[in-house]
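Take a look at the structure set out below.
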Amino acid sequence: MIALLGRAFVALGVAAAGLLVVQAVRVQRRPASAGRAQLRAAVTCLVIGAAGAMLALEKALLANDFSIAYVASNHARATPLLFTITSAWSALEGSIVLWGLVLAGYTATVFARLGESDRLGAGALAVMGVVAVFFFGLLATVANPFRTLQVAPPDGPGPNPLLQNHILVAFHPPMLYLGYVGFTVPFAFAVSALLRGEGGAEWLGRTRRWSLVAWSFLTVGIVLGGWWSYAVLGWGGFWAWDPVENASLLPWLLATAFIHSAVVQTRRGRLQAWNFALVIGTFALTILGTFLTRSGVIASVHSFTQSAIGPVLLGFLLVVLAGGFGLLGLRGHLVASPARLESLASREGAFLVNNLLLSLFAFTVLVGTLYPIFVEAFSGAQVSVGRPFFDRLAVPISLALLLVMGVGPVTPYRAARPALVWQRIYLPVLVAAGVGAALVAAGVRVPYVVGVVMVATAIVGMIARQLAVTVWSLPTRQPAAVLRALGRNRGYWGGQLAHVGVVLVAVAIALTGNLGTRATVTLTAGQPAAFGPYQVALQGLFERQEPSRQVTGARIQLRQGGRVVRVLAPRLSQYPSQIQAIGTPAVWTGLTQDVYASLTRLDAGTVSLNLYRYPLMWLLWLGGLVAAAGGVVALGVRRRPARTVLPAGDRPHAPEEAPAGV
């Protein structure tokens, strides 16, 4: 019964998506109230179909309906309630259901903002309808989550152990999907504008908030993914340049470039065709990421098993690339910018350099990710592109991006006089030089760490100086007046908040990657081992039976100065469906460092551990969330932000709307 109901909701979604395309095209050609009513009905049915399919899948999981193949493969009676709920998106078919639900939500929100005689918006809804037809078509065919079995097993193997080992499974995938699917909206408006031959900033203004919403969700999703990896996988890191990790980074990079270059088009009318290309590329990369995750062509802890969905996704990706860029090629002359940059030494010049660096970064990651796939496809040989390749190229590009991120916002539009730019940066640069000297004096001899901290200090100093100049220029400096003044330029200050977040992430990566320490120790009762400033001792072993697993672990004492400062409890979890136990590290997060312990072997009376110490690891998680918060703050920007009048000698160089990105 549940399977039949689920298939009915999927069928409703397919029909509603098709109707949405037809009615949106009609409204786009001839806006009329009757057409809008039918369009509303199509959107409503799409939402009902998507929500109904998800609720039916959750009901099947909660009811232990093992007659449904998806439940039989990804659920067990002993699975805890939280992980039973999250199983609805933790496997291939269920993840497509979540994709359809999020897409339906975005479609309904776009429709709710559809104006009278809004041909551009109606065209965007038609494009979103085409995307919905594809994904609901997947659910009705090769990714059917309601396929039934002739003989229902009495129980199932349960979810992948890595997907029932941490609460972040409830947040990381939905956040990624809200980001991934959110980029459908700017893509739809861009295609609608191209089909209509409309350049200008109208489509850009319509998509700005959607881009920031999707960018912010994707940022949070990536950060939570790194946190999850750090807290669950036990290898001591948060980013391994895994192909699926790269697949989430790629659209983020291009979306960040788009958010920046959109400012240039809005303010100066330039980079118009380039913005279309960035939006199309961003959406295409979300489909590529979906293909890499769900096709089975790569081996990854994040990817699903091989299935028939891979070729279909690849075909859709090719259609998006050929259709999107082919349309841009045909209509490019209608949307190209009429004028070139007056000077590269300007804010729009800095934005252009920023875009080129972000695009180069994305291209580098894309090549490193796809190269092994192409080699195996054409020659049969298996090769790998490891972390050294990515680090070797990503580090210099990232440093260049930090420099541009610092200087860009203090550079005037049109043309910049060196004396004026120096006036705005010399004090932060002097402070940064002092911080660098202090680090060297304190014994830090790693050039990369000193350099990143100095650049980060200069960037934060420039932002602080700009804030001080803005506040100092106000007639009154009461807190309410300051907040009102800053609120009039939320786009700019949201962007600067995001820059602070990126700076924190850069500092954390530099510190943990270069100043962290690692040791492998074997402990027995009464025989402690030294690790940094600590003595590590085995306090005892423990074992407990939980409903879905058998847990064994060790209690490890960290002693300093003769006293116990912390007890860590890394563990191994044995699931009935798995031969090998799954390790869960123990992490002590302090104000200055993380101490991380991961079990590698556990015998009677003997424990082997990998131990790590990372300075200021919490800056990484804080920085990612601050960057996303910057995107949220920038959502409140007005179409024409008010300008704050300052003394002529030091007017703020950024009352203009600025991006919430790198």
Side-chain angles (χ1 to χ4, degrees), residues 1-10 52-101 138-174 177 228 232-233 293-296 299-310 544-552 571-584:
M1 181 63 182
I2 298 176
L4 182 61
L5 187 63
R7 287 196 293 269
F9 279 121
V10 170
M54 178 57 77
L55 289 175
L57 189 57
E58 290 285 10
K59 173 64 176 175
L61 289 164
L62 293 170
N64 299 319
D65 188 350
F66 294 105
S67 67
I68 297 177
Y70 184 87
V71 178
S73 300
N74 302 288
H75 177 59
R77 296 182 185 275
T79 303
L81 176 61
L82 172 65
F83 300 116
T84 296
I85 294 172
T86 60
S87 294
W89 56 76
S90 295
L92 193 153
E93 294 87 355
S95 69
I96 303 298
V97 175
L98 179 60
W99 187 292
L101 178 62
L138 286 180
L139 293 175
T141 54
V142 294
N144 180 7
F146 300 106
R147 183 173 58 86
T148 56
L149 301 173
Q150 291 184 349
V151 179
D155 204 348
N160 184 320
L162 294 175
L163 300 178
Q164 53 176 320
N165 210 25
H166 201 282
I167 193 175
L168 281 178
V169 70
F171 303 101
H172 165 59
Y177 279 59
W228 190 4
V232 170
L233 297 184
T293 309
R294 289 156 183 82
S295 64
S300 166
V301 297
H302 306 82
S303 62
F304 300 113
T305 57
Q306 192 167 3
S307 75
I309 196 175
R544 63 177 180 267
Q545 180 67 48
E546 296 183 357
S548 60
R549 60 188 179 183
Q550 176 76 25
V551 177
T552 57
R571 65 183 188 270
L572 299 173
S573 299
Q574 183 67 60
Y575 292 85
S577 61
Q578 297 290 323
I579 298 176
Q580 189 172 358
I582 303 297
T584 301

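Just so it is clear, the values below take in all heavy atoms, side chains as well, and ignore hydrogens, waters and symmetry mates.
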| Partner residues of Thr552 under the side chain to side chain contact (heavy atoms under 4.5 Å, CB included) criterion, sequence neighbours left out | Glu543, Leu572, Leu602
| What is the minimum heavy-atom distance between Ala170 and Leu82, and which atoms define it? | CB-CD1, 4.1 Å
| task | Please name all residues satisfying salt bridge (Lys or Arg N to Asp or Glu O under 4.0 Å) with Arg7, sequence neighbours left out, ordered by chain then number. | result | none
| message | Ignoring hydrogens, what is the shortest heavy-atom contact between Leu149 and Ala72? Give both atom names and the distance. | response | CD1-CB, 3.8 Å
| field | Non-neighbouring partners of Leu55 that pass side chain to side chain contact (heavy atoms under 4.5 Å, CB included), sequence neighbours left out | value | none
| said: Run the side chain to side chain contact (heavy atoms under 4.5 Å, CB included) test on Phe146 and Leu139 for me, step by step, so that the C-alpha distance in whole Å, both residues' side-chain angles and the decisive distance to 0.1 Å come before the verdict. | reply: CA-CA 9 Å; Phe146 300 106; Leu139 293 175; over 6 Å; no
| field | Separation of Gln164 CD from Thr84 OG1 (nearest 0.5 Å) | value | 8.5 Å
| message | Run the side chain to side chain contact (heavy atoms under 4.5 Å, CB included) test against Ala8 and tell me which residues pass, sequence neighbours left out. | response | none
| field | Those residues that, when tested against Asn165, pass side chain to side chain contact (heavy atoms under 4.5 Å, CB included) (two or more places apart) | value | Val232, Arg549, Arg571, Ser573, Tyr575, Ile582, Thr584
| field | For the student: nearest non-hydrogen atoms of Ala88 and Glu58, plus distance | value | CB-OE2, 3.3 Å
| said: Nearest 0.5 Å, please: how far is CD1 in Ile85 from CG in Leu62? | reply: 6.0 Å
| request: Taking all non-hydrogen atoms of both residues into account, name the closest pair between Ala76 and Pro157 and its distance. | output: CB-C, 4.1 Å
| note | Rounded to the nearest 0.5 Å, the CD1 atom of Ile309 sits from the CG atom of Leu138 at a distance of 4.5 Å
| Residue list, ring-ring contact (aromatic ring centres under 6.0 Å, His included) with Phe83, at least two apart or on another chain | none
| remark: side chain to side chain donor-acceptor pair (under 3.5 Å) pairs touching residues 68-81, sequence neighbours excluded, are Asn64-His75
| Among all residues two or more places apart in sequence or in another chain, which pass the side chain to side chain donor-acceptor pair (under 3.5 Å) test with Thr148? | none
| query | Less than 4.5 Å apart, any side-chain heavy atom of Pro173 and any of Ser90? | reply | no
| request: Considering non-hydrogen atoms only, spot the tightest contact between Met54 and Gly94 and give its length. | output: CE-O, 4.5 Å
| If you take all heavy atoms of Pro80 and Ser548, which pair is closest and at what distance? | CD-OG, 3.7 Å
| said: I'd like to check Leu57 versus Trp89 (side-chain heavy atoms, cut-off strictly below 4.5 Å). Are they in contact? | reply: no
| query | More than 12 foreign heavy atoms under 6.0 Å from CD1 of Ile167: is that the case here? | reply | no
| task | Apply side chain to side chain donor-acceptor pair (under 3.5 Å) to Asn144 and list each qualifying residue two or more places apart in sequence or on a separate chain. | result | none
| query | What residues form a side chain to side chain donor-acceptor pair (under 3.5 Å) with Ser67, not counting sequence neighbours? | reply | Asp65
